[in-house]
Amino acid sequence: MNRRQLLRSSGFGLLGSRVARAAVRRPGNSEASAPGAASKGLQLSEYQPKSMLQVPGTHVRTPRFPVVDIHTHLTWSKKVTNGVALAPEREILGTPEECLAVMDRKNIHSLINLTGGYGSGLAETVKKYDRAHSGRFITFTEPSYELFLQPDYPKLQAQAIEQAHRDGARGLKILKTLGLYLRDNITTGKLIKIDDPRFDPMWDACGQLNMPVGIHVSDPVAFFTPTDRFNERYEELSNHPDWSFYGKDFPSNAELLESRNRIIARHPKTRFIVLHVGNFAENLANVSENLDRFPNMTVDIAARIGELGRQPRTARSFFDKYQDRILFGTDATPHGDEFPQQLFNDRLYEIYYRFLETDDEYFDYAPANTPPQGRWQIYGVNLPESILRKVYNANATRELQITI
Ligand SMILES: [Zn+2]
């Protein structure tokens, strides 16, 4: 038996290649500015403190089990007006080939492209991704809001879901358009409520066709408070002022969530994957309450490990209790450099794997020099294999009725 065989038979070969543990190296002072340089007047945007903690760090190159990422954006509407997608044509954000390279390196079996659109754009997307690379890509459809003013919109929209199903869509995605952008006259007028009855036939059609609804309503709760010195996401909101929903005619975060809950209650046969940890990762007690109330609700963790990882004990209990209802998702977007917490690349997935699989302390939740969502670090939740398997793929394959 040579050394390699010995390592493999003892399990160290696998550990050595998949996961590497090492003392974390911290950069020295060589890149610092001139000795004794005063920090007077340092801009917050220039402040990039390096942690001096000396704790073990783990590099998790590949996940314990193959991954189904329920939440990615590989295509996007070519026409968006005041936050409302208004054309079937799709812009390609990442080609199947460039996605597959990352998928193969990071053991990602399938990517779910939530923003597949509708009509001809959807059909083309399914052909280019799902049909050309069977099982590796799954596409969801989206509402045809440009039909919204037609008197028989409720019926037309339900029919559009049926057509999308025939064209190969496996679920419906609702962007935060509903509740925050769609208005009486589509892009102008009063905001439409999430539980507007005109959408009831659409929710029902999804139930009948067994298409889960991936729904994003509201946003981080800090986006609904003033962008001032007390706001924990001040820098993020300063970088993206249009993400603030404070003031104007916007409903509160609570109103949006209540409106969403009414549709989940009203359509018990329709399954809702409530994205971004039920859109209230800051309050897992609230998400738990909703999961207890609604058997037709599951959640994903996309773009919220920054929230989960700064409350690791509460998050770990949440994973333990709802281990059958939490799906792996990232919100990954190829070339989305503006949002490092969503940038589709190897490093992003490695951070998710590290968060789920290790008990590492105080590490970055996004591949960026400055934490993009808020100035904090995260801790791993160190899930056991039985839960990892469910979160990485088993819960998603059950919801999507696929095998991998
Ligand atoms: Zn998303």
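In each ligand, atom 1 is the first atom listed, and ligand 1 is the first ligand listed.
Take D130 and apply the side chain to side chain contact (heavy atoms under 4.5 Å, CB included) test, not counting sequence neighbours, and it matches V126, F137, T139. For L343, the side chain to side chain contact (heavy atoms under 4.5 Å, CB included) partners are D337, N345, not counting sequence neighbours.
Of all protein N/O/S atoms, those under 2.8 Å from the Zn ion (ligand 1) are H71 NE2, H73 NE2, D331 OD1, and waters are not counted.
Between G278 and L257, the shortest heavy-atom distance links the atoms O-CD2, 4.4 Å.
Side-chain contact of T75 with N113: a donor-acceptor pair under 3.5 Å is present, judged by distance alone.
Relative orientation of the F199 and F148 rings is parallel, given thresholds of 30° and 60° on the angle between their planes.
Among residue pairs with one or both ends in residues 299-324, those qualifying as ring-ring contact (aromatic ring centres under 6.0 Å, His included) are F318-Y322; sequence neighbours excluded.
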